[in-house]
Amino acid sequence: KGIFRPVTKYFFFLSAFHAEIRLDTVISLTLPKVKMTEKNASATHVYDVEGMSETLKTQTRFLEDLERLDHAIMGVSDMEEMLNKTLNTVLKIFDCDRAWLLYPCDPAANFWHIHMEVTKPEYPGAFTTGKDIPMTVDAAQAMKAVLDHGEPLYGNLSAGEPGWDPDDKYGVRAYMLTAIYPRMGKPWEFGLHQCSYARNWTKDEALLFKKIAVRIGDALGIFLTIR
């Protein structure tokens, strides 16, 4: 029988706006020591981090992505700069075509606008117009669905399916949406678009998206309070 020893890896993230170190996740990796045979006392196999299960690899990538996001948020004194850096990081993490923040996520509002948006050059979005967008019945219903759901809403759009619009000028083929609740003011809406193909989002991506939304909401709350 092999002899096992636990190896625990800790990931700490410094939150500038909470002024504390928080332990996001602890991953325990159980790695077997060298297994010796009675016949010749030679090592038959040795495992290291490269032999981690796919689950642990996914968890490690998850934490690394959150660390990248934290670095984008920290050390910035201007809200617009923070949002731009954060959304650029999100675009790279998910390798999507558009990441954006909408305000207000309020079905009763008369207008809404894309407050901040980053896109791949071939897929510009509403931020290029720089104008308030009048509320429509469809937009109000979509915002209500995001607010009521609580968890990220995500899906894809293919020809012939409900919601498919071949004339959509933004070319959305897949989306992920959630509400953000800063410490003050109305809710915001945080969203991702995939325009190059009808992407199938995973549960792990939805969880990462949710965690990122919470961090953005914390940072927004601080900046809005200071203002």
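We're numbering straight along the sequence, starting at 1.
The closest donor-acceptor contact from the side chain of R68 to the backbone of T89 lies at 3.5 Å or more, if one exists at all. Between the side chain of E81 and the backbone N or O of D78, no donor-acceptor pair lies under 3.5 Å.
For the pair L208 and F94, the minimum side-chain heavy-atom distance is below 4.5 Å. At a threshold of 4.5 Å between non-hydrogen side-chain atoms, the residues W188 and P104 do not count as touching. K85 has its side chain within reach of V76: a pair of non-hydrogen atoms, C-beta onward, lies under 4.5 Å apart. Proximity of H113 to H115: side-chain heavy atoms (C-beta onward) are separated by under 4.5 Å at one or more points. Residues M116 and N84 are in side-chain contact: their nearest non-hydrogen atoms beyond the backbone lie under 4.5 Å apart. No side-chain heavy atom of P187 sits under 4.5 Å from any side-chain heavy atom of I180. Side chains of K186 and C105 form no contact here, defined as non-hydrogen atoms less than 4.5 Å apart. A heavy-atom distance below 4.5 Å is not found between the side chains of F223 and R183.
Scanning both residues, D132 and P134, for their nearest heavy atoms gives O-CD, 3.8 Å. Across T119 and P124, no two heavy atoms sit closer than the pair OG1-CA, 3.9 Å. When all heavy atoms of D148 and K144 are compared, the pair lying nearest together is OD2-NZ, 2.6 Å. Across all non-hydrogen atoms, the minimal contact from A198 to A174 is C-CB, 4.4 Å.
Heavy-atom neighbours of K92 NZ from other residues, nucleotides or ligands within 6.0 Å: at or below the threshold of 12.
For the side chain to side chain contact (heavy atoms under 4.5 Å, CB included) with D65, the lone residue among V90, T60, I93 that qualifies is I93. Among V172, V118, L192, the one residue that satisfies the side chain to side chain contact (heavy atoms under 4.5 Å, CB included) test with R98 is V172.
Between atom CG of residue L69 and atom CD of residue E64 there is a gap of 14.0 Å, rounded to the nearest 0.5 Å. Note that CZ of R61 is 13.5 Å distant from CG of L66, once rounded to the nearest 0.5 Å. Atom CG of residue N200 and atom CD of residue Q194 lie 11.0 Å apart, to the nearest 0.5 angstrom.
Residues L101 and V214 do not share a hydrophobic cluster, clusters being chains of Ile/Leu/Val/Met/Phe/Trp/Tyr side chains in contact below 4.5 Å. A continuous path of hydrophobic side-chain contacts links L207 to L63 [ILVMFWY only; heavy atoms under 4.5 Å]. Under the 4.5 Å side-chain heavy-atom criterion for Ile, Leu, Val, Met, Phe, Trp and Tyr, F111 and L102 are members of distinct hydrophobic clusters. Note on I73 and M79: same hydrophobic cluster, where clusters join Ile, Leu, Val, Met, Phe, Trp and Tyr whose side-chain heavy atoms are under 4.5 Å apart, directly or indirectly. In terms of hydrophobic clustering, with Ile, Leu, Val, Met, Phe, Trp and Tyr side chains grouped at heavy-atom distances under 4.5 Å, L177 and V137 are assigned to different clusters.
Of the N and O atoms on the side chains of S196 and D97, at least one donor lies less than 3.5 Å from an acceptor on the other residue.
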Evaluate side-chain contact (heavy atoms from CB on, under 4.5 Å) for M176 paired with L153, printing each intermediate quantity in order.
CA-CA 6 Å; M176 189 177 293; L153 285 173; over 6 Å; no
Starting from the C-alpha separation in whole Å, work towards a yes-or-no answer on side-chain contact (heavy atoms from CB on, under 4.5 Å) for F62 and K211.
CA-CA 10 Å; F62 183 94; K211 295 288 187 181; 3.8 Å; yes
Walk me through whether R173 and N156 qualify under side-chain contact (heavy atoms from CB on, under 4.5 Å).
CA-CA 6 Å; R173 300 290 305 281; N156 56 45; over 6 Å; no
Do Y181 and L147 pass the side-chain contact (heavy atoms from CB on, under 4.5 Å) test, and can you show the C-alpha distance, the side-chain angles, and the key distance before you say yes or no?
CA-CA 10 Å; Y181 298 90; L147 292 169; 3.5 Å; yes
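Taking the six-membered ring wherever Trp is involved, the centroid distance between the rings of F209 and Y154 does not fall below 6.0 Å. For H193 and W100, the ring centers sit closer than 6.0 Å to each other.
Here R199 pairs with E205 in a salt bridge; the nearest charged N to carboxylate O distance falls below 4.0 Å.
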